[in-house]
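A quick note: this is a predicted structure, and the numbers were derived from the prediction, not measured. By convention here, the first residue in the shown sequence is residue 1. Start at 1 and go down the list; that is how both ligands and their atoms are numbered.
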Amino acid sequence: MLEQTQEQQIISIPRIGDVAPEFKAVTTQGEINFPADYAGKWIILFSHPADFTPVCTSEFMTFANRESEFAALNCQLVGLSIDGLYSHIAWLRTIKDKIEFKGMKNIEVTFPLIEDISMKVAKKYGMIQPGESTTKAVRAVFFIDPKGIVRALIYYPLSMGRNFDELKRALIAMQTADAYGVATPADWQPGDDVIVPTAGSCGVAKDRMESKEEGVTCYDWFFCTKNLSLEQVMNPLKK
Ligand code: BEZ
């Protein structure tokens, strides 16, 4: 394989549809072999700029507080920052012992937090964006599916805390698309109507316009929706 220059490593970002880059790392929950250790699960791999910083602290408390919601969606959370293990441990202990945020307190972070002082993982995932910082990771979020494929990525600048409702919505939308072969429209929320894939032949287009497909409403041949209940969305295996 061709060696990448340091600059190429810094700017290369895994794309949607790529196999998630592999790595072994030390974390606050022991060593991990990524993504193999989580095969069969969705993974949200997210970076944050630094330990002992306020926005990151609010994010970690929120993610930890909502970890069970992601676990219920078969999703493992894995965090990363360019700090060492002992800094991570001290920061997570401080969060548990001292910090209160939006009614959350005594929050224990039990998902792995990767130590990445060498920036090895941050570079593989394009988490260093030199225009923002050459020493801190930006707030990157990678959604990786149970087969180890990158399915979505979202990047935020250092100054902006993430919206965890949106991260959960994105995960559910991708799981719904996989389970039901549909797409989700603008501002979709679980329980809203979904989009039926555009007709791929004149015959299907005609059938749809003549309302021959049960439960499907077509406004024109290319714009058809159908109801997918909240229960169906949240229990895709029972379909
Ligand atoms: C923070 O998490 O508060 C933060 C980290 C780096 C730059 C700006 C804010």
| said: Assess the residue pair Gln29 and Thr110 against the criterion (side-chain hydrogen bond (donor to acceptor under 3.5 Å, both in side chains)); give the C-alpha distance rounded to whole Å, side-chain angles, the decisive distance to 0.1 Å, and a yes or no. | reply: CA-CA 7 Å; Gln29 301 294 322; Thr110 55; 5.9 Å; no
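The salt bridge (charged side-chain N to carboxylate O under 4.0 Å, His left out) test applied to Glu59 returns Arg139, Arg162, not counting sequence neighbours. For Arg169, the salt bridge (charged side-chain N to carboxylate O under 4.0 Å, His left out) partners are Glu166, not counting sequence neighbours. Listed by chain and number, the residues in a disulfide (SG to SG under 2.5 Å) with Cys56 amount to none (sequence neighbours excluded).
Near ligand 1, heavy-atom contacts under 4.0 Å come from Pro49, Thr53, Pro54, Val55, Cys56, Arg139, Leu158.
Counting heavy atoms of neighbouring residues, nucleotides and ligands inside a 6.0 Å radius, atom CH2 of Trp188 exceeds 12 of them.
Ring pair Trp91/Phe52 is tilted by interplanar angle, where 30° to 60° counts as tilted.
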